[in-house]
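Everything on this sheet refers to the single structure shown next.
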Amino acid sequence: TTFSFSNLSFNYDGTVKTATVTRTPSNATYTADLTKGPAVGPYTVSATATGNYSGSGSATLVIIQPNRSPTVSWVNSPGTVYVNQWFNVQAKGDDLDGNISYVDVWKNGQPFAMNGFPNGFTQYSDNNSAMSTTPGTITFTAQAGDTAGATSAVITQTVTIINRPPTAVTTINGVSANASVIFGQSVALASTVLDPDGNLTLADIWWDQGNGSAWTNTTMTWGSYAAN
């Protein structure tokens with residue numbers, strides 16, 4: 001009795017796998033034993049004829065894991081930064097099949113940190129820096145892909161750029177503002193203006209000349225100033 005085995009290679013999808021066994025002569029009776037499990041790998045398929053004919057045979061059923069899509073996540077992705085502050089953005093891709101081929105990051109839809117060299121199970125995008133001179137938002141997106149053409153979902157991170165207000169400290173005769181002086185006394189007025197984001201454009205000092213005239217201002221650019 002001859003047994004022929006076919007359909008012995010299947011992709012694993014979580015269902016029971018079967019194998020086809022044909023016999024010669026066709027009227028031989030047999031009992032079949034298929035040993036398999038849910039995991040990917042080889043399993044033994046055997047058949048034994050009983051009755052007027054006798055014989056046995058065996059083959060291997062191979063369950064193959066289909067390609068799985070990679071995943072992507074953020075490594076560096078700040079939510080809030082300040083004007084003129086440098087920050088880094090980087091993404092990481094993982095692939096259970098070990099065939100990841102790229103991890104790319106875009107900044108407002110434009111290429112920002114790209115990495116297209118296959119590197120097994122884990123791969124990182126470039127770790128590039130960004131900065132904004134004005135307040136607002138920047139949107140970063142990332143995606144990973146593998147050599148079989150599968151891609152991860154696209155992830156998004158929005159970075160908010162905040163402008164902090166400048167501060168001013170004014171002194172009169174070396175004393176903090178609101179100091180008292182004697183009428184006719186010479187007064188030394190100094191004001192220091194600081195901007196934590198480094199984008200100060202002007203500073204104004206206002207004073208009353210003491211003769212009932214309106215307040216007068218002097219416009220200055222970045223720095224520390226004194227008026228006598």
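Only this structure's heavy atoms are used, side chains among them; waters, hydrogens and symmetry mates stay out.
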Would Ile162 and Thr80 count as a side-chain contact (heavy atoms from CB on, under 4.5 Å) if you check the C-alpha gap in whole Å, the side-chain angles of each, and the deciding distance to 0.1 Å?
CA-CA 7 Å; Ile162 297 177; Thr80 302; 3.1 Å; yes
Please report the interatomic distance CG(Leu96) to OG(Ser69), rounded to the nearest 0.5 Å.
10.0 Å
Contact check, side chains of Thr141 and Phe112, non-hydrogen atoms, under 4.5 Å
no
Quick one: CD on Gln157 to NZ on Lys107, what's the gap to the nearest 0.5 Å?
14.5 Å
Do Asn88 and Asn128 touch side chain to side chain, with heavy atoms closer than 4.5 Å?
no
I want to check something: taking the side chain as every heavy atom from C-beta on, are Gln143 and Val154 in contact at a cut-off of under 4.5 Å?
yes
Is there a side-chain contact between Val81 and Ile161 (heavy atoms, below 4.5 Å)?
yes
Can you measure from CG (Asp146) to OG1 (Thr151) and round to the nearest 0.5 angstrom?
8.5 Å
Minimum-distance pair of heavy atoms, taken over all atoms of Met131 and Gln85:
CG-O, 3.6 Å
For the residue pair Thr122 and Asp94, confirm or rule out a side-chain donor-acceptor distance under 3.5 Å.
yes
Mark yes when over 12 heavy atoms from residues, nucleotides or ligands other than Tyr82 sit less than 6.0 Å from its OH; otherwise mark no.
no
Tightest non-hydrogen contact, residues Ser125 and Val103, listed as CB-O, 3.5 Å
Grab the two heavy atoms, one from Asn127 and one from Gln90, that are nearest each other, plus how far apart they are.
OD1-CB, 3.5 Å
Considering only heavy atoms from C-beta outward, does the side chain of Asn99 approach that of Asn67 to under 4.5 Å?
yes
Contact between Phe87 and Ser129 at the side-chain level, heavy atoms closer than 4.5 Å - yes or no?
no
What is the minimum heavy-atom distance between Ser152 and Pro70, and which atoms define it?
CB-O, 3.1 Å
Gap separating the CG atom of Asn115 from the NZ atom of Lys92, nearest 0.5 angstrom:
13.5 Å
Would Ile138 and Thr158 count as a side-chain contact (heavy atoms from CB on, under 4.5 Å) if you check the C-alpha gap in whole Å, the side-chain angles of each, and the deciding distance to 0.1 Å?
CA-CA 6 Å; Ile138 302 175; Thr158 299; over 6 Å; no
Shortest non-hydrogen separation from Gly116 to Tyr102 and the atoms involved
CA-CB, 3.8 Å
Verify the cluster assignment for Phe140 and Ile155: are they in a single hydrophobic cluster under the rule of side-chain heavy atoms below 4.5 Å apart?
yes
Nearest heavy-atom pair of Ala91 and Val105: which atoms, and what distance?
CB-CG2, 3.8 Å
Heavy atoms, side chains only, cut-off 4.5 Å: are Trp74 and Val89 in contact?
yes
Should Val75 and Tyr124 count as side-chain neighbours, where that means a heavy-atom distance under 4.5 Å?
yes
